[in-house]
Amino acid sequence: MTAIPVLIDCDPGHDDAIALLLALASPELEVLGVTTVAGNQTLEKTTANAIRVLEFVERGDVPVAAGADRPLLRDLFVAAHVHGETGLDGPKLPPPRAAPVSEHAVDFLASRLMGAASPVTLVPLGPLTNIALLLARYPDAVASVERVVLMGGSIGVGNVTPAAEFNIWADPEAAARVLDSGLDVTMVGLDVTHRALLMSDDAERLRAAGRVGRMVAELYDFFHRYHERTYGFGGSPIHDALAVAQVIRPELLHTEHRHIAIECGSELTRGRTVVDLWKRTGIEPNAHAAVEVDAEAFIRLLLERLSSFG
Ligand code: RIB
Ligand code: CA
């Protein structure tokens, strides 16, 4: 089985961190590199966090390139109320030993894409600023992209506002650029991530599953406080890990090929992913929107892979 080459763009962030661990623990994937973007926290913090997570599992060999420190047009709004001041509050992770590579994330993505032996799957897990800049600065790089599997958006309600999910809301202009790119885009939105919760019992199993499992359980402890308080959930959506899981096992999600437009004009509905689920507009579909999830199989995969670190 040839591993699928992936480039992960993220804003760690508790669920980004778990998504990175899932990718690293999965032989189906070859992680060519990690790029970071401002989102859940500032770029400095999300970059340090990505390196901390990689070093925690002794994968300092995976290069990290820092990208955009703010959205294309909008002001930066960090989600400290969800992820804490560090962006990874909870576990006591050592500070990063290494620095990111000197290349900007956009140049790094382009060089990795154009130097890859086969087309690469892009997995954006934060605001889409870096991906939009890549498309603008390196239009030829598109030919080296197999597909884009992004965590973001929602057919239904939002999370950061009633209308919009955080990654898209944070940089709607970037999201619009990605959806209009002609790339093969899969949208893993709140419609499925909120139906595939990691429950407290699962976290307890991880806590007993070794050093990495314990660290993930400590991430969960902090992350879950927000979701219990906000939604009354008995568990927490590990949003970004579900996007990575879709690359590993596409059958975990059922998607519909639909047109998705991004609201960039209205403040009330800024960042809304307007998914033409019932094909009312007659506009050609431009993405695969996830509508169903095999939650049990996803959580089973997540627990199995995270426990495999020992
Ligand atoms: O809305 C959830 C998304 O926003 C996740 O990617 C989370 O990490 C934050 O970036
Ligand atoms: Ca994220």
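Computed over heavy atoms, backbone and side chain alike; hydrogens, waters and symmetry mates excluded. Just follow the structure's listing: the first ligand is 1, and inside any ligand the first atom is 1.
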[X] heavy atoms, cut-off 4.0 Å: which ligand 1 atoms fall inside?
{"X": "D16", "answer": "8 (O)"}
{"X": "N40", "answer": "7 (C), 8 (O), 9 (C), 10 (O)"}
{"X": "D15", "answer": "5 (C), 6 (O), 7 (C), 8 (O)"}
{"X": "N167", "answer": "3 (C), 4 (O), 5 (C), 6 (O), 9 (C), 10 (O)"}
{"X": "E165", "answer": "1 (O), 2 (C), 3 (C), 4 (O)"}
{"X": "M151", "answer": "2 (C), 3 (C), 5 (C), 6 (O)"}

> Which protein N, O or S atoms lie under 3.0 Å from the Ca ion (ligand 2), given by chain and residue number?
Replying inline: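 You should have found D11 OD1, D16 OD1, D16 OD2, L125 O, D240 OD2.
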
> Taking heavy atoms and a distance under 4.0 Å, where does D11 meet ligand 1: side chain, backbone, both or neither?
Replying inline: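 For D11, only side-chain atoms sit under 4.0 Å from ligand 1.
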
Between [X] and [Y], does at least one N-O distance fall below 4.0 Å, as a salt bridge requires?
{"X": "R207", "Y": "E218", "result": "no"}
{"X": "E85", "Y": "K45", "result": "yes"}
{"X": "R52", "Y": "E55", "result": "no"}
{"X": "E267", "Y": "R74", "result": "yes"}

>> Given C10, which partner from the list V123, D16, D15 fulfils the side chain to side chain contact (heavy atoms under 4.5 Å, CB included) test?
In response: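 The option that passes is D16.
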
> Side chains of Y138 and D107: do they bring a donor and an acceptor to under 3.5 Å?
Replying inline: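 Yes.
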
> Have Y226 and S236 got a donor and an acceptor in their side chains that come within less than 3.5 Å?
Replying inline: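 No - no donor-acceptor pair under 3.5 Å links their side chains.
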
>> For the 3.5 Å polar cut-off, considering only N or O atoms, please tell me whether N159 and ligand 1 meet it.
In response: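 Yes; at least one N/O pair falls below 3.5 Å.
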
>> Would L125 count as being in polar contact with ligand 1, using the rule that some N or O on each side must be under 3.5 angstrom apart?
In response: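 Yes, since at least one N or O of L125 sits under 3.5 Å from an N or O of ligand 1.
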
Give the minimum heavy-atom separation between [X] and [Y], together with the two atoms involved.
{"X": "N130", "Y": "A68", "answer": "OD1-N, 2.8 Å"}
{"X": "A65", "Y": "V101", "answer": "CB-CG2, 3.6 Å"}
{"X": "V142", "Y": "L135", "answer": "CG2-CD2, 3.5 Å"}

>> Give me the residue, atom name and distance of the protein heavy atom closest to atom 6 (O) of ligand 1.
In response: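 Its nearest protein heavy-atom neighbour is D240 OD1, 2.6 Å.
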
>> Applying ring-ring contact (aromatic ring centres under 6.0 Å, His included) to F233 and H194, what does each step give before you reach the verdict?
In response: CA-CA 9 Å; F233 285 166; H194 275 192; 5.3 Å; yes

